[in-house]
Amino acid sequence: MLKKAFSSFLILFALFCFNNVSLTAGDIPKHDELIIKGNRLIVKKKYNEALNAYDEAIKLKFDSFKGWYNKGITLDLLGRYDDAVTALNQAVRIEPNNHEAWFVKGNVLDHNTKFEESVSAFDKALSLKPYYIEALYKKGNVLDHVGRYEEAIETYNRIIELKPYSHEAWNNKGLTLARIPERRTEAIEAYDRSIEIKPDFYEAWINKGNAYVRIRNYEDAVKSYDRAIEIKPGEHAAWADKGFTLADLGENEKAAGAFKKAVELKPNSYASWNGLGLALDKLDRYEESVTAYKKASVIDSSSYGAWTNLGLAYSRVNRHNEAIKAYTHAIKLQPDSYETITNKALELSMLEKYSEAFTTIEKAIKIKPDYPQAWNTKGEVLTNLGEINEAIKAYNVTIEIISDQEAHEIPRLGKIKYKALNKKGLAFVRIEQFKEAAAEFGKALDIDPNSHATWRNKGLAFIRIGELEEALKAFDRVTMLKPNSYEVWNYKGFALEDLGRLQEAILAFDKAVTVNPNFVAALNNKGLVLDKLEKHEEAIEAYNKSIQTNPEFDAAWFNKACTYALMKKKDKMLSSLKRAIGLNPQYKMTLQQVPDFKDYRNDPDFIKLTGR
């Protein structure tokens, strides 16, 4: 936010008595000559030399107000605030009623972060000169800075009483009002008053936009920034603010354009490059976001946020080694950052460096034992290490950390707990505990009932424990949520077949093929069901369609041979069987046990194919 500020006022005491051009150096006392010398050196920004001149003047005249006063200003310019206060204390001791000395002392105390003393000094200046506008501004600014907002507002109101058309005072009042959540509408009114007095007051338009952002009126915020841009099109700040606000509106393409203009105007703007990266992320333009975040990290290499965002960007484009390097840099800057340590562990897992990932995630958990994402990551790492039971224990910790109520009321936490339950279910699948897996998938679906993948997994788990009706219910939910899920239509066909509902099974397989005409497995499965119905010609037709789509699909050739065997078409049976064995020689091992070939077990041509 942009505030009218009166910084270090250099009120250097000129010696007005020397207006006679005929005066010679000898006519000026040595003390006054040193004061003039110091003043000239300050103008040239030779502060140390000026300080020496004032010190020499003070040696000649210890009670020199001009010497102590100008010495205080010089020490302030050198950043030696304690020494500056000491010098100005001497100045006000010599001239206690000098309002300018008290004002400069207040400035120095402000610079030295001694804000309460600074306010007292400004109050003293104002007691000596009640209409001292500069002191009122400075006092208001300090009060605002220390959070004494009501007093700051009163101070700005005093300026407005003295100068009703002071657009700066209205602007500053607006800034302080904006810090009080329930008074932000008043802040906008104050900015409007400032703008009414000075319509081209760039700072007020920016601040008005910021106030609108704080009350989440993003549309009017953008309008305010646009007005600021009209006034000063070459200022990057309004473009950057507009970019962030457009991003809040979800207009990421426009946001990216605003940020690009901001970095064009100010190439070393960390915030603008970072904002551009965020907008590009939302647009799935990840390679470009990497470039933006790299720029930000170069501009401010000590920014933890820049390196973290860069790591996330690298991760999105699967540049995992570079992501790890970025996260490692961020962790050096902020060693207790358990979030970034967790991200690093995930990247190590992507590179299959599971042991190193495990060591890394343990560090995150040690820093923050109740960080659920870390436990989820630990579960994934342990799963990849083959430690399934330990992985389940890790997921259990996440499930305990986030209560069911929190999961339902706080979407972010709900997603984390959902992930833990889903991953726990998949872990049970890996150790073939399908009943337990189905239960965990069910709990996950209580949090997110619209996850078609979890409904699918639940259905498959039910199939493995023989609960076919429950499996069908799960698959029905999938096809309702995602009608084009051809694989689930295929699974549904399996369940219906096992339940003896063969006509419904055929319809399910047909639906799978309708969605994906190249899904040869469904065509093959349809053929098997048609064989069960003794519709062998239709079965052959299904197998042929499967083979037309994929001539190398050995199962279709083998099943086609079985059907021809049932149809007593020996030559076609042998031809299809020969092709199946050519594609998969393992069929030779089971031919004698397949019931469909029982009538041919002693046939010489069949025996020749088996290789007996």
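Predicted model only: the values in this text are computed from it and were never measured. FYI, the numbering just counts along the sequence from 1.
Remark: Glu182 CD is packed, more than 12 non-hydrogen atoms of other residues, nucleotides or ligands lying under 6.0 Å away. Other residues, nucleotides and ligands contribute over 12 non-hydrogen atoms within 6.0 Å of the NZ atom of Lys129. The environment of Met480 atom CE is dense: over 12 non-hydrogen atoms of other residues, nucleotides or ligands sit within 6.0 angstrom.
Donor-acceptor pairing under 3.5 Å is lacking for the side chains of Tyr54 and Thr74. With no hydrogens or angles considered, no side-chain donor-acceptor pair links Ser272 and Asn274 at under 3.5 Å. Checked by atom type, the side-chain pair Asp76/Asn107 shows no donor-acceptor distance below 3.5 Å. For the residue pair Tyr156 / Asn141, a side-chain donor-acceptor distance below 3.5 Å is found, with atom types taken as modelled.
By the side-chain contact (heavy atoms from CB on, under 4.5 Å) test, Ala345 is found to be paired with Thr360, Ile361, Thr377, residues two or more places apart in sequence or in another chain being considered. Ser127 meets the side-chain hydrogen bond (donor to acceptor under 3.5 Å, both in side chains) test with no other residue; sequence neighbours excluded. Not counting sequence neighbours, Asn268 has no partner by the side-chain hydrogen bond (donor to acceptor under 3.5 Å, both in side chains) test. For the side-chain hydrogen bond (donor to acceptor under 3.5 Å, both in side chains) test, residues two or more places apart in sequence or in another chain that qualify with Glu288 are Arg285. For Asn457, there are no side-chain hydrogen bond (donor to acceptor under 3.5 Å, both in side chains) partners two or more places apart in sequence or in a different chain. Evaluation of the side-chain contact (heavy atoms from CB on, under 4.5 Å) rule for Tyr165 yields Arg193, Ile197 as partners, not counting sequence neighbours.
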Working for side-chain contact (heavy atoms from CB on, under 4.5 Å), residues Leu162 and Leu136: CA-CA 11 Å; Leu162 296 170; Leu136 286 166; 3.7 Å; yes
Criterion side-chain contact (heavy atoms from CB on, under 4.5 Å) on Phe122 and Thr155, from CA distance to verdict: CA-CA 11 Å; Phe122 292 133; Thr155 305; over 6 Å; no
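The pair Arg148-Glu116 meets the salt-bridge criterion, since a charged nitrogen lies less than 4.0 angstrom from a carboxylate oxygen. Residues Lys378 and Glu362 are paired through a salt bridge, judged by an N-O separation under 4.0 Å between the basic side chain and the carboxylate. A salt bridge links Asp370 to Lys368: one of the charged nitrogens lies within less than 4.0 Å of a carboxylate oxygen. One finds no salt bridge joining Lys325 and Glu322 here, because no Lys/Arg side-chain nitrogen approaches an Asp/Glu carboxylate oxygen to under 4.0 Å.
Sorted pairs that involve residues 280-306 and meet ring-ring contact (aromatic ring centres under 6.0 Å, His included), not counting sequence neighbours, are lacking altogether. Pairs passing the salt bridge (Lys or Arg N to Asp or Glu O under 4.0 Å) check and including a residue from residues 233-250, sequence neighbours excluded, read Asp226-Lys242. The stretch residues 314-350 participates, sequence neighbours left out, in these ring-ring contact (aromatic ring centres under 6.0 Å, His included) pairs: Trp307-His329, Tyr338-Tyr371. Residue pairs meeting the ring-ring contact (aromatic ring centres under 6.0 Å, His included) criterion with at least one partner in residues 223-268, sequence neighbours excluded, are Phe244-Phe259.
Judged purely by atom type and a 3.5 angstrom limit, Tyr270 has no side-chain atom pairing as donor or acceptor with the backbone of Ile299. Between the side chain of Ser224 and the main chain of Ile206, no donor-acceptor pair closer than 3.5 Å is present. Between the side chain of Asn207 and the main chain of Glu203, a donor-acceptor pair closer than 3.5 Å is present. Side-chain N or O atoms of Glu186 include none that pairs as donor or acceptor with a backbone N or O of Arg183 at under 3.5 Å. The backbone N or O of Pro199 lies less than 3.5 Å from a partner atom in the side chain of Trp205, making a donor-acceptor pair. A donor-acceptor pair is defined here as one N or O able to donate and one able to accept, closer than 3.5 Å; such a pair exists between the side chain of Trp375 and the backbone of Pro369.
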Which donor-acceptor pairs under 3.5 Å do side chains of residues 411-419 form with protein atoms, sequence neighbours excluded?
{"from": "Lys417", "atom 1": "NZ", "to": "Ile399", "atom 2": "O", "distance (Å)": "3.2"}
{"from": "Lys417", "atom 1": "NZ", "to": "Ile402", "atom 2": "O", "distance (Å)": "2.7"}
{"from": "Lys417", "atom 1": "NZ", "to": "Asp404", "atom 2": "OD1", "distance (Å)": "2.6"}
{"from": "Tyr418", "atom 1": "OH", "to": "Ser451", "atom 2": "OG", "distance (Å)": "2.7"}
{"from": "Tyr418", "atom 1": "OH", "to": "Thr454", "atom 2": "OG1", "distance (Å)": "2.5"}
{"from": "Lys419", "atom 1": "NZ", "to": "Glu380", "atom 2": "OE2", "distance (Å)": "3.2"}

For residues 441-449, which side-chain N or O atoms pair as donor and acceptor with protein atoms under 3.5 Å away, sequence neighbours left out?
{"from": "Lys443", "atom 1": "NZ", "to": "Glu440", "atom 2": "OE2", "distance (Å)": "3.4"}
{"from": "Asp448", "atom 1": "OD1", "to": "Asn450", "atom 2": "N", "distance (Å)": "3.1"}

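Distance CH2/Trp273 to CG/Asp300: 15.0 Å, rounded to 0.5 Å. Here Leu126 contributes atom CG and Phe103 contributes atom CZ; the two are 9.5 Å apart, rounded to the nearest 0.5 Å.
Judged by the 6.0 Å distance and 45° axis criteria, Lys232 is positioned over the aromatic ring of Tyr202.
Ring orientation note: the planes of His99 and Tyr132 are nearly perpendicular, at an angle over 60° on the 30°/60° scale.
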